[in-house]
Amino acid sequence: GQNIDQPTEMTATEGAIVQINCTYQTSGFNGLFWYQQHAGEAPTFLSYNVLDGLEEKGRFSSFLSRSKGYSYLLLKELQMKDSASYLCAVRDGYSGAGSYQLTFGKGTKLSVIP
Amino acid sequence: GAVVSQHPSRVICKSGTSVKIECRSLDFQATTMFWYRQFPKQSLMLMATSNEGSKATYEQGVEKDKFLINHASLTLSTLTVTSAHPEDSSFYICSASEQPSNQPQHFGDGTRLSIL
């Protein structure tokens, strides 16, 4: 079966750095995605890793180790607006017509405090 | 970037009503769209994969006669919740991705469905 684990909740201070970990065990792998979801809203795409290593995008970075089934999302210079849920998702199954399914973790609720 | 539009954003209706939700890719063609459901404090659960011009593929435990999916064009997929009941109240979200297949899925704004 598919299994994606990430911490349920985290708290960090404004201006600090926080790392959100994700481990996965899936039958297939075609990339790992991180999404941000504010309460009551749809997810928005943050980052994508398909090869091992670090991808940096402004204040957000994401790391992948395929051999370890492990990824993390690093958020720097935290701002209050970064308070949201962060979803780790693995692209595994092929849906046909050139598209792949995503399997989501349960999300990590990050609270940024002053 | 790719934009996915979903409508309506909120529906409140009586038990037994059928509700149609539309998902449109605004600036790209999507041969495949995905429909998710999210209950409070839960993650997104894939309900079905909508394929243009063919039948949708439903995930295990999702009733195809209850959740009707029509993907009649390359930019529009619809999900109809038939004879909705209070337990169908949830946040329904669609997504689509551009080609090539390594592009991320982009999500619509979601539809909050409340059945009284």
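Excluded from the calculations below are hydrogen atoms, water molecules and symmetry mates; all remaining heavy atoms, backbone and side chain alike, are included. Lettering follows sequence order; numbering is per chain, from 1.
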**Prompt:** Among A/S85, A/A39, A/G105, A/A89, who wins on heavy-atom pairs under 4.5 Å with chain B?
**Reply:** A/G105
**Asked** Can you tell me how far the CG atom of B/L46 sits from the CD atom of A/Q101, to the nearest 0.5 Å?
**Response** 5.0 Å
More than 12 non-hydrogen atoms from neighbouring residues, nucleotides or ligands closer than 6.0 Å to [atom1] on [X], yes or no?
X: A/H38; atom1: NE2; answer: yes
X: A/Q19; atom1: CD; answer: yes
X: B/K66; atom1: NZ; answer: yes
X: B/K41; atom1: NZ; answer: no

Under a 4.5 Å side-chain heavy-atom rule over Ile, Leu, Val, Met, Phe, Trp and Tyr, are [X] and [Y] clustered together?
X: A/Y86; Y: A/Y72; value: no
X: B/M33; Y: B/L76; value: no
X: B/V11; Y: B/M47; value: yes
X: A/L75; Y: A/L64; value: yes
X: A/L54; Y: A/L74; value: yes

**Request:** Please confirm whether the backbone N or O of A/G107 pairs with a side-chain atom of B/S43, one donor and one acceptor, at under 3.5 Å?
**Result:** no
**Item:** Among the listed options B/Q105, B/Q38, B/Q42, the residue most often paired with chain A at heavy-atom distances under 4.5 Å
**Value:** B/Q105
**Prompt:** Less than 4.5 Å apart, any side-chain heavy atom of B/I93 and any of A/Q37?
**Reply:** yes
**Prompt:** Is there a side-chain contact between B/F107 and A/F45, using heavy atoms and a 4.5 Å cut-off?
**Reply:** no
**Asked** Checking side chain to side chain contact (heavy atoms under 4.5 Å, CB included) for the pair B/L44/A/L87: CA distance, chi angles, key distance, verdict?
**Response** CA-CA 9 Å; B/L44 280 76; A/L87 309 178; 3.6 Å; yes
**Message:** How close do B/G108 and A/A42 get, counting heavy atoms only, and between which atoms?
**Reply:** O-CB, 2.7 Å
**Message:** If you compare all heavy atoms of B/F91 against all heavy atoms of A/G40, which two are closest, and at what distance to 0.1 Å?
**Reply:** CZ-O, 3.8 Å
**Prompt:** Could you walk me through whether B/D109 and A/E41 pass the side chain to side chain contact (heavy atoms under 4.5 Å, CB included) check?
**Reply:** CA-CA 6 Å; B/D109 288 335; A/E41 299 181 9; over 6 Å; no
**Item:** A/T103/B/M45 under side chain to side chain contact (heavy atoms under 4.5 Å, CB included): CA gap, chis, key distance, verdict
**Value:** CA-CA 8 Å; A/T103 299; B/M45 296 301 296; over 6 Å; no
**Prompt:** In terms of heavy-atom proximity below 4.5 Å to chain A, should B/E52 be classed as side chain, backbone, both, or neither?
**Reply:** neither
**Structural part of A/F104 lying under 4.5 Å from a heavy atom of chain B** = both
